[in-house]
Amino acid sequence: MAFLRLDVSQIMCGIFGCILKSGDVAPLMRQALERLEYRGYDSVGEATVQSNKLFIKKDKGKISEVHAAVNLDDMPGSIGIAHTRWATHGAPSKVNAHPHTDCDNKVAVIHNGIIENFLELREKLEHSSHIFKSRTDSEVVPHLIEEQLRNGSDLLEAVIETVRKLKGAYAIVVLCSSYPDTIVCARKESPLVIGIGKDAVYCASDIPAFLPLTNKALLLEENEVALLTLSKVEITNSETGEVVSRAPFEVTWTRQAAEKSGYDYFMLKEIYEQPQAIRNALRTQRIYYDLVASRIDSADVVYFTGCGTAYHACLAGAYSMAKLAGLRSNVVIASEFNQVHTNLLDKKSIVVALSQSGETMDTLNAVREARARGASIVSVTNVMGSTVTRLSDVYVGQNSGPEIGVAATKTFTAQVTVLTRLAIVLSKKRGRTSSADTENLLEKLAQVPDAITSILKQQDDKVREVARKCKNLPSFCFLGRGISEVTAIEGRLKLLEIAYVPSLAYAAGESKHGFIAMVEPGYPVIFVAPNDETHSKIIGNIMEMKARGAHIISIVEEGDEQIKSISDDFIEMPRGIPGIMTPLAFVVPLQLLAYYVAVEKGHDPDHPRNLAKSVTVE
Ligand code: F6R
């Protein structure tokens, strides 16, 4: 186990549950939450049970702020659950903070993940007179458990029956005042780990939560539910109903290693989180897409704007919308937006702003000016409650969870996913894609995470080998045609910012109008060369570079013998990814290349010099 990398699934909220033989659980829960704060930090909450009564404290803000306001340590009882939130459904607020409770305030639930069918479940529960307090997807869980308990189930049965109704991703931890010695937890797609201490048992979204308390851990697998008491941990598969036996293992990680799930740096961990980040991005309800597509469709003028990697995601999105939906739009770097473009906006204009942080000053300035001219604002962001969400008429959450590495990786692919899905929905709305083709494209998009998983499994070593070979080269050039130009410029940005290698990126066809003068024997040129409509032309571009002695590194589809045979190195991607979706997969080896070149050169990829994660100055 020592240096095994944990399966990095959904990284969003931090969750913790604990039963102590004696003593108050509350101070220990707060300390555990502080160790989980890197997972999410917009609101905090705890629940304990004593004398068959449930106690709850929760509020918006960082743990230290909420603790200063309400004293989280002052809660009775030796059993409790605690949560630090990264909002997906429902803005950060006291009422949306976890734990959520049932109507009778007996069942408290904390949740990490996204419940896709919550609207449908909520509607049914409201019909049977359940009263909801929050706008979260999570709140359906305590009400569903309440229903089961009312029907005579015990707590374990109630949780099993409940999770069988949930679609999406969840790690949930349940506390019930009628069961003062028991915690029940369950998971699907979101991680959950059990810690077994002396006279204590814990469960958490991540090992660091309990690492100072015990190093005996047990991983819950997909669809498992665990009943925790001081005397036993009983695991049941919620699908089959079978009881599972599993021995604990010893954790030999330091806390820092545990936070990175065994990866050397957060950036690598986040690159590996991309399959899950894309799945999460796809969990946003279709109604948001229909709403945004309608607004874009009726606008006279459409702009996309953002900075850095978010700007690249805009380029990819605008390309797909032009190609699939016939949308005419303009893509403008946010810091340039107000020079000319705001003067062209009016009430019939729409500005689609992309910002992972939702706080980038240049993007906010563009959005503010556009709003002042009456334009509608749609934003795609990772931070609910951020300034960009407050300035937007509609916002779509990309649901990537916190990105700690300064270089954007999983948030890029999540943003491109959101815009690709929007392009598909818009195309259907405009009658350019049939229902069957739309479903087929959505299905292909849903398959991209599996393609990325196989790239990570099969190509990581190969990319590392290329990085070792090329680490001392003074410059690189990235070339691509069509949408692959975006992949190329994003790959270049990663290499620049974390490995400090001055590099170029071009539309491959343009390279002969200037860049080619740079090429001399051994100069590394990276071709992003999927097997789409640009394939035959890019072969011509490769030959031009090859004739001048360039070292050709190509990112190609598996079995593309033609390009492989003219490349010095090649990285193979799974076949059959539709052209507009290729940036999602083809960018992955370029992220890895930048990461490995940086590491080989002795740089810290998580903290590139002079860069900040969120640029809040002009
Ligand atoms: C590059 C990178 C930056 C950001 C840019 C915008 O890896 O991280 O270029 O993409 O600063 O940030 P957000 O998306 O927060 O507006």
Side-chain angles (χ1 to χ4, degrees), residues 42 86 265-271 273-274 277 281 304-317 331-337 351-368 370 377-392 395-419 478 486-501 503 505 583 587-588 590-595 597-598 603-618:
D42 59 49
W86 178 268
Y265 289 96
F266 279 108
M267 182 178 172
L268 188 60
K269 175 172 174 257
E270 286 156 3
I271 290 172
E273 278 170 16
Q274 290 180 110
F304 290 87
T305 192
C307 299
T309 290
Y311 166 71
H312 297 164
C314 289
L315 289 171
V331 187
V332 180
I333 289 179
S335 55
E336 291 296 320
F337 199 89
V351 174
V352 182
L354 266 68
S355 176
Q356 182 283 129
S357 62
E359 300 296 348
T360 299
M361 186 57 80
D362 288 327
T363 309
L364 296 179
N365 284 345
V367 163
R368 285 194 179 104
I377 310 293
V378 171
S379 62
V380 177
T381 182
N382 197 24
V383 185
M384 296 298 118
S386 58
T387 308
V388 85
T389 61
R390 294 198 293 272
L391 294 173
S392 302
Y395 54 85
V396 182
Q398 56 180 93
N399 306 333
S400 316
E403 189 174 59
I404 295 169
V406 165
T409 52
K410 64 174 178 171
T411 55
F412 171 71
T413 42
Q415 285 172 344
V416 174
T417 300
V418 168
L419 294 188
F478 295 74
V486 178
T487 315
I489 60 174
E490 175 59 10
R492 183 268 308 261
L493 179 61
K494 294 302 92 140
L495 191 68
L496 272 183
E497 66 181 336
I498 63 164
Y500 319 138
V501 183
S503 301
V587 79
V588 175
L590 303 184
Q591 296 167 338
L592 286 172
L593 182 73
Y595 171 83
V597 172
H603 302 311
D604 171 356
D606 284 346
H607 302 105
R609 67 185 180 216
N610 307 334
L611 286 175
K613 185 71 189 158
S614 178
V615 184
T616 52
V617 291
E618 281 179 78

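The analysis underlying the following values was restricted to heavy atoms, covering all of them including side chains, and did not include hydrogens, waters or symmetry mates. For ligands, and for the atoms within them, numbers begin at 1 and follow the listed sequence.
- A side-chain hydrogen bond (donor to acceptor under 3.5 Å, both in side chains) with Lys410 is found for exactly one of Glu273, Gln274, Gln356, namely Glu273.
- Considering both main-chain and side-chain atoms, Ala408 comes within under 3.5 Å of ligand 1 through a nitrogen or oxygen pair.
- Between the choices Leu493, Thr309, Thr363, Thr360, the shortest heavy-atom distance to atom 10 (O) of ligand 1 belongs to Thr309.
- Leu593 has its side chain within reach of Val597: a pair of non-hydrogen atoms, C-beta onward, lies under 4.5 Å apart.
- Using modelled atom types, no side-chain atom of Glu490 and backbone atom of Thr309 make a donor-acceptor pair closer than 3.5 Å.
- The residue Glu359 has no part lying near ligand 1, judged by heavy-atom distances below 4.0 Å.
- Near Ala310, meaning under 4.0 Å from one of its heavy atoms, ligand 1 places the atoms 10 (O), 14 (O).
- For the pair Thr409 and ligand 1, no heavy-atom separation below 4.0 Å is found.
- Panel note: side chain Gln398, backbone Thr411; a donor-acceptor pair is recorded below 3.5 Å.
- Side-chain N or O atoms of Asp606 include one that pairs as donor or acceptor with a backbone N or O of Phe266 at under 3.5 Å.
- Atoms of ligand 1 found under 4.0 Å from any heavy atom of Gln356 (numbered from 1 in listed order, with element): 13 (P), 14 (O), 15 (O), 16 (O).
- Listed for the Glu359 side chain is no donor-acceptor partner under 3.5 Å among the backbone atoms of Ser386.
- Those atoms of ligand 1 that come under 4.0 Å of a heavy atom in Ser357, given as number and element, are 13 (P), 15 (O), 16 (O).
- Set against the non-hydrogen atoms of Ser355, the atoms of ligand 1 under 4.0 Å away are 13 (P), 14 (O), 15 (O), 16 (O).
- If you run side chain to side chain contact (heavy atoms under 4.5 Å, CB included) between Gln591 and each of Ile271, Leu495, Leu268, only Ile271 comes through.
- Using 4.0 Å as the threshold, Lys494 has a heavy atom nearer than that to some atom of ligand 1.
- Residue-level proximity to ligand 1 for Thr411 is absent, since no heavy atom of it falls below 4.0 angstrom.
- Within ligand 1, counting atoms from 1 as listed, the ones closer than 4.0 Å to a heavy atom of Val406 are 8 (O).
- Looking at Asp42 and Met384, their side chains never come closer than 4.5 Å, going by heavy atoms from C-beta outward.
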